[in-house]
Peer 1: 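For reference, the structure I am asking about is given below.
Numbers here are sequence positions counted from 1. Side chains included, hydrogens not; waters and symmetry mates left out as well; all remaining heavy atoms used.
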Amino acid sequence: MQNHFVNSSQFKHKISIDMKKHIYALFVFALVLASCSNPLPADTKVQNQQNDYLIMSTLWYQRASECRALYYQAYNFAKQSLVANLAESKNNKPKAVVVDIDETVLDNSPFEAYSIRTGKAFSKELWNEWTSKAAARPTPGSLEFLKFAESKGVETFYISNRSVAETAVTLQNLKALGFPFADEAHMLLKTDTSVKTVRRNKVTETHEILILAGDNIGDFDELFEDRSTEYGFDSVDAHKADFGKRFIILPNPMYGSWEREAFKGQKGLTPEQKNELRKAALIGYKELAN
């Protein structure tokens, strides 16, 4: 009986130890699960959220049928206007259309999506990593319009604020998609200034420009560069008859020079400061009542 009692006691002690081991293992497992559900330090999470302001605009650009429809609408107008402008022209110069590249004929929204998910701020290195892939898709209707222009004997010139260092990969991207006149003679990329006046003037030396297409009003005329008064609304209103006839504007809610006025020319702002200035620039219904 004594031996039996000792063995039973040892057995109970062993069970107790095993149970503690199981409880400890479950506790460690729970900690691992918790760390998996919240794998990033707090500061890293904040960093990854700094581009969250782009979520709705990028989602709309990629997923809204309305965005696609606006591109088709713009390029349908461009076809009609090109035919009309050709008929009205009294100039003997060869004819041309001038187009911007990014968000005009090439869709770079995957780059914005990457920025949102990683929280990485825009940089030339990050942008070059994207453009070097030559993987951008054509915007809706752009390829058809430029091929239509080609069929009418009209050349295309690509005036973009991509760097001249991106010439080769940009041509690779455009050629792969079948864009006409995708060669160095028809591409004018940025050298020392983002203002496109000099490059447009270079085209007008040899060609008559019938249509200009872009996602930024600065793509059309230097007068639109100044937005210091009412965000440039007055300049647009003064030339409203040109939109749809000679100027073809494309939708881009993700980025653009329009945003700079909200920052009031300030540089070196933190993401938090930029968001506060964006909110301050909004017009609420109470302000309308005043």
Peer 1: Could I get the full list of salt bridge (Lys or Arg N to Asp or Glu O under 4.0 Å) partners for Asp107, not counting sequence neighbours?
Peer 2: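 Asp107: no salt bridge (Lys or Arg N to Asp or Glu O under 4.0 Å) contacts found.
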
Peer 1: Among all residues two or more places apart in sequence or in another chain, which pass the side chain to side chain donor-acceptor pair (under 3.5 Å) test with Asp242?
Peer 2: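 For Asp242 there are no side chain to side chain donor-acceptor pair (under 3.5 Å) partners, ignoring immediate neighbours.
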
Peer 1: Please identify each residue that fulfils side chain to side chain contact (heavy atoms under 4.5 Å, CB included) with Glu66, with sequence neighbours left out.
Peer 2: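 If we apply the side chain to side chain contact (heavy atoms under 4.5 Å, CB included) test to Glu66, skipping adjacent residues, the hits are Trp60, Ala64.
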
Peer 1: In chain order, what residues pass the salt bridge (Lys or Arg N to Asp or Glu O under 4.0 Å) check against Lys274, with sequence neighbours excluded?
Peer 2: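 Once residues adjacent in sequence are excluded, Lys274 has no partner under the salt bridge (Lys or Arg N to Asp or Glu O under 4.0 Å) criterion.
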
Peer 1: Centre-to-centre under 6.0 Å for His239 and Phe220, is that the case here?
Peer 2: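 Aromatic pair excluded; centres sit 6.0 Å or further apart.
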
Peer 1: For Glu276, give me all partners under salt bridge (Lys or Arg N to Asp or Glu O under 4.0 Å), at least two apart in sequence or on another chain.
Peer 2: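 With sequence neighbours excluded, Glu276 shows a salt bridge (Lys or Arg N to Asp or Glu O under 4.0 Å) to Lys279, given in chain and number order.
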
Peer 1: For Phe145, give me all partners under ring pair (Phe, Tyr, Trp, His ring centres under 6.0 Å), at least two apart in sequence or on another chain.
Peer 2: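 Once residues adjacent in sequence are excluded, the partners of Phe145 under the ring pair (Phe, Tyr, Trp, His ring centres under 6.0 Å) criterion are Tyr75.
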
Peer 1: With sequence neighbours excluded, tell me which residues meet salt bridge (Lys or Arg N to Asp or Glu O under 4.0 Å) with Lys95.
Peer 2: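 Here the qualifying residues are Glu208.
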
Peer 1: Under the salt bridge (Lys or Arg N to Asp or Glu O under 4.0 Å) rule, what pairs show up with a residue in residues 143-155, not counting sequence neighbours?
Peer 2: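 The answer is none; no pair qualifies.
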
Peer 1: What residues form a ring pair (Phe, Tyr, Trp, His ring centres under 6.0 Å) with Phe181, not counting sequence neighbours?
Peer 2: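 So Phe181 forms a ring pair (Phe, Tyr, Trp, His ring centres under 6.0 Å) with His186.
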
Peer 1: Could you list the donor-acceptor pairs under 3.5 angstrom formed between side-chain atoms of residues 121-128 and any protein atom two or more places apart in sequence or on another chain?
Peer 2:
unit_1: Ser123; atom_1: OG; unit_2: Leu126; atom_2: N; d: 3.1
unit_1: Trp127; atom_1: NE1; unit_2: Glu166; atom_2: OE1; d: 2.9
unit_1: Asn128; atom_1: ND2; unit_2: Lys124; atom_2: O; d: 3.2

Peer 1: How would you list, by chain and number, every residue that makes a side chain to side chain contact (heavy atoms under 4.5 Å, CB included) with Val198, sequence neighbours excluded?
Peer 2: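 Val198 satisfies side chain to side chain contact (heavy atoms under 4.5 Å, CB included) with no residue once adjacent residues are dropped.
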
Peer 1: Residues two or more places apart in sequence or in another chain: which of them pass side chain to side chain donor-acceptor pair (under 3.5 Å) with Asp102?
Peer 2: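 Listed in chain order: Asn108, Arg162.
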
Peer 1: Which distance, rounded to the nearest 0.5 Å, do you find between the OG1 of Thr204 and the CD1 of Ile209?
Peer 2: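 Here the interatomic distance stands at 5.5 Å.
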
Peer 1: Looking at CD1 of Ile116 and CD of Gln49, how far apart are the two atoms once the value is rounded to the nearest 0.5 Å?
Peer 2: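 Answer for the CD1-CD pair, Ile116 versus Gln49, is 12.5 Å.
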
